[in-house]
4 protein chains.
Amino acid sequence: MTRSREALLAGALDELAAVGYAAFSMESVAARAGVGRSTLYRHWGDRLQLIADALETLNVQPAPPDRPADETAREHVEDLLRHLADALSRSRVSACLPALVHAAEQDAGVREFLHGYSRRRRQALVDAIAEGTARGEFRPGDPDIGADALSGAVFYRRLMTAHPVRPDDVPVLVDAVLGRR
Amino acid sequence: MTRSREALLAGALDELAAVGYAAFSMESVAARAGVGRSTLYRHWGDRLQLIADALETLNVQPAPPDRPADETAREHVEDLLRHLADALSRSRVSACLPALVHAAEQDAGVREFLHGYSRRRRQALVDAIAEGTARGEFRPGDPDIGADALSGAVFYRRLMTAHPVRPDDVPVLVDAVLGRR
Amino acid sequence: MTRSREALLAGALDELAAVGYAAFSMESVAARAGVGRSTLYRHWGDRLQLIADALETLNVQPAPPDRPADETAREHVEDLLRHLADALSRSRVSACLPALVHAAEQDAGVREFLHGYSRRRRQALVDAIAEGTARGEFRPGDPDIGADALSGAVFYRRLMTAHPVRPDDVPVLVDAVLGRR
Amino acid sequence: MTRSREALLAGALDELAAVGYAAFSMESVAARAGVGRSTLYRHWGDRLQLIADALETLNVQPAPPDRPADETAREHVEDLLRHLADALSRSRVSACLPALVHAAEQDAGVREFLHGYSRRRRQALVDAIAEGTARGEFRPGDPDIGADALSGAVFYRRLMTAHPVRPDDVPVLVDAVLGRR
DNA sequence: CGCTAACCGAGACGGTACGTCCCGTCTTTAC
DNA sequence: GTAAAGACGGGACGTACCGTCTCGGTTAGCG
C-alpha cells in the first residue's frame, strides 16, 4: 500500500533468497528497503508475519496462457512441467524454496502457503493428465500418481541433487511416466 | 571419542530436528548434552562445523539386509522405496531433512553431504531398476529416469505436501512408473 | 543525559572502588545500575571508554570556598593539604586511586586524566606556597619543590603505608617543609 | 627450585611489568616460561599466590654498599634517595609498582609485601636523617616527617605525574626539606 | 490556512545468542 | 613420579539482532 510497505516486501524476498531463512535479518530487510527498523515493525510485528506476507506476493498465478485449441494433452503436460522446471531453476521462487521448505516445517502459516502453492500447481497437472488419459494419449493410470511422479522428479532434482531438471529433459520424463508417444 | 563429544553430536541432531536450522542454538545444544558451552566450542568452532559433523553420524549406511535369493527385482525396488518412505516419515533424518535442504542452499559442506546422501540411495534404486528391466520385470526404459520419478514422488510428498507416501502406496507407485505387474 | 547513562557512570565508579581495575566487570556495572548489558555497550563500547568517562565525573572541581580575606598563606596551604588528606581518606576518589594508578600505567587516556587531576591540585598548592614565600611567611625556597614534598607525603602515606596522613598531621608537615611558624 | 619454578617466577614478573595486574594472565606466564599451564597451577594454585611469591623475589635487599668512613649524613641521605629515584625509574620494581599499588588495595598478602618493602626503605632513610640531625648537618626536626616528605616526593612524581625525580633533582630536594647545606 | 493525524526515522532499552578468551580443576599420557 | 597436554564447566568479553518503546519531524487531509 504505502510506498515503504512494498519496498519492504520486496526487500524481504531478496533477503530470503540471498541469505535464507536462518540468517534472515529484519535489520537487513529494513536496510535493503532504505527504511527505518521501526517502520518495518509497525507493519508486521515479527519476522514470520513479514515472511508470510512477502510470500503472498509470489502467489499471484499468472493467468494460464491461452492454450491453442489444437494442443494435445501431452503438450499441455509438457508445458506445465517445463514451466515448473523453469520456475525451479531461475525465479525468485526457486531461490526461496529451500528456505520455505524449512520454514514450513516450523511455522503453520508458511506450511499452509507452501502446501497450497504446491497443491494448485499439482492440480493443474492432474487435470491435464486426466484429460490425456481420457483421450488415450497416455497409458491408463491414476493421474494423481502420475502427477506426484512428474512433479516429484522436478522437485527432487532441484532440492536433493546438483542437477535440476532442464526443459529438454521433460519429454523423456513424460514418456517414462505416462507412456511413450 | 571423548564422552562429551558424542553427547554433543546427539544433542545437535536433536536440536536440528526440534527447532530446525534457523533457530538452531549452540547454547541449547550444550544444554541438551549437559555440557559446558566452552566444551562445545572447543570441539567445533562454530555452528556449521558442528552440524556438518553431526550429519556424518547419519551417514552410516546400514548394511543392506541379505536379500533372499529368490527376491524379484520388483520386490527389491519396493523394499528400497518403502525404506525411503519410512525414513522420511519417522527417522531422525526426516526431522532434519527440511533443515538440511535449507542449510545445503547456504553451505557447501552441508550441500555436499545432502547430495551425497541422496546419490547413494538413488544409485541403489537405479541398480535395482536396471536389473528388473534387464530381466523383463519392468517396462523398458531409462532406469535413471525411473529412479528420479520414484524417489521424487516420495520426497515431494514429504516436503511439499501434508501427505507423505506411506508403505502401502509404494506398489501402486512402482506399477505406474515401471509398469504393471 | 539519558537516565541509564548516569546510573551506569555511578555504577562504574562504585565497581572501581569496590573491586578495583583488575576485577572490574562490565557485567557487574550493568547489574549495579539495574540496566541491560547491551545498553551499557551501546554507550561505551568497552571497559576503558566507560572508565575514562566515569572518571570525568570526578573531575568537577568544587569551586574554591571563599577564602576569608584575612586568611594567611600558611592557613591556605594547610587547608589545601587537609582537603587532600581528607579526599585520600574518605572520598570515592580515594577508593579509586589505586585502580587509577594502575590503569594509568596501561592506558593513555586514564594517564592523562590522572596526571591532569594531580596537576590542578598541585598548582593550587604551588600558588599558595609562592604567595606565602613572597610574604615571608615561609622559609625561602622553590615552591614547586615544596609542593612535591607536601603532596608527596600525603600520597605516599596513602598508597605505600598503612597510615594515611590525618588532618592533625598537616601543620607539623607544613612546619617541617616550609619553615616553622 | 626445580627449573620451571624459577622460569615461572621470572615470567610472572615480566608479565606483571608488561601488562599490569589487571591483564595478568596465567596462560601467558606459562607461555613466557615455556611451560605447561598445569605445571604452573601445581606450584601456585592461583594468580595471587603466584604474584605474591614472585614479589618475594624482588625483596632481596642488596647489601648496603660499604659506606666510606668519611661520608656525611647528607651524602648518605642523598645516596638513598638517588637509589630510590633510580629504582623507580628503571628497575623491574618500577614497572610493577602501579600494579602492586592496585593489587595491595585488593589483597592483604600483596599489601603486606608492599608496605613492608616501603617500611624497610623508609627506615634506612629515617636513620640517616636522624644521624644527620644529631650531627647538626640538618635543620632540627622530626626525621619521620622528613622521610615522608622526601620519599613521598619521589613516589608522587613517579605515580602521579609524567616527570619522575631524576638523580640530579635530589640535592635540591634534600636542601628544601632538611635544610640548606 | 492551520490543525490533526498518519506515517516515518532515529535510536534507547532489556534481552539472548554468538564466538572468543581465560579461569581453576581434573584426568590422561609419556618420558 | 614428575611434567606435558589438554578436556572440562564456568563466566566475562565485545558484537549483532531481536522485538518494544518513546521521541520529533514531515506530509496530507480536513475543517
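Residue numbering restarts at 1 for every chain, and letters A, B, ... go by the order of the sequence lines.
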Query raised in the report: Start at the 5' end of DNA chain E and walk down; is the nucleotide closest to Ser25(D) or to Phe24(B) reached first?
Result: Phe24(B)

Query raised in the report: Stepwise, does the side chain to side chain contact (heavy atoms under 4.5 Å, CB included) test hold for Asp107(C) with Ile51(C)?
Result: CA-CA 11 Å; Asp107(C) 178 73; Ile51(C) 290 179; over 6 Å; no

Query raised in the report: Is the phosphate of dG24(E), meaning OP1 or OP2, less than 4.0 Å from a side-chain N or O of Tyr41(D)?
Result: yes

Report task. Tell me yes or no: between the side chains of Ser94(B) and Arg158(B), is some donor less than 3.5 Å from an acceptor? Result -> yes

**Report entry** dG19(F) base / Arg47(A) side chain donor-acceptor hit below 3.5 Å
**Finding:** no

Query raised in the report: Using 4.0 Å as the upper bound for N to carboxylate O, is an ion pair formed by Arg111(D) and Glu105(D)?
Result: no

Query raised in the report: How many Å lie between CE on Met26(D) and C1' on dG11(F), as a whole number?
Result: 17 Å

Query raised in the report: Which residue pairs pass the salt bridge (charged side-chain N to carboxylate O under 4.0 Å, His left out) test with at least one member in residues 9-21 of chain B, sequence neighbours excluded?
Result: Asp14(B)-Arg92(B), Glu15(B)-Arg32(B)

**Report entry** Distance, rounded to the nearest Å, where Arg5(D) contributes CZ and dA4(F) contributes P
**Finding:** 15 Å

Report summary line: Ranking dC18(F), dG19(E), dC13(F) by distance to the side chain of Glu27(A), first place goes to dC18(F)

Requested in this report: Spell out yes or no: do the side chain of Arg37(C) and the base of dG14(F) have one donor N/O and one acceptor N/O closer than 3.5 Å?
Outcome: yes

Report summary line: Between CG of Leu40(C) and C1' of dC13(F) the distance, given in whole Å, is 11 Å

Report task. On DNA chain F, check which nucleotide each of Thr39(D) and Arg42(C) is closest to and give me the residue with the more 5' one. Result -> Thr39(D)

Query raised in the report: His43(A) side chain N/O closer than 4.0 Å to the phosphate oxygens (OP1, OP2) of dC7(E)?
Result: no

Report task. Scan Ser38(D) against the nucleic acid and name what it touches under 4.0 Å (heavy atoms): base, sugar-phosphate only, or nothing. Result -> base

Requested in this report: Would you mind reading off the distance between Glu15(A) atom CD and dA16(F) atom C1', rounded to a whole angstrom?
Outcome: 14 Å

Report task. Measure from the side-chain N and O atoms of Asp46(C) to the backbone N and O of Gln49(C), and report whether any donor-acceptor pair falls under 3.5 Å. Result -> yes

Query raised in the report: Roughly how many Å is it from CH2 in Trp44(D) to C1' in dT25(E), rounded to a whole number?
Result: 18 Å

Query raised in the report: For Leu48(A) and dC18(F), what is the distance between atoms CG and P respectively, to the nearest whole Å?
Result: 12 Å

Report task. Could you tell me whether Gly34(D) contacts a base, only the sugar-phosphate backbone, or nothing, with contacts defined as non-hydrogen atoms closer than 4.0 Å? Result -> nothing

Query raised in the report: Heavy atoms under 4.0 Å, any strand shown: does Ser4(B) hit a base, just sugar-phosphate, or nothing?
Result: sugar-phosphate

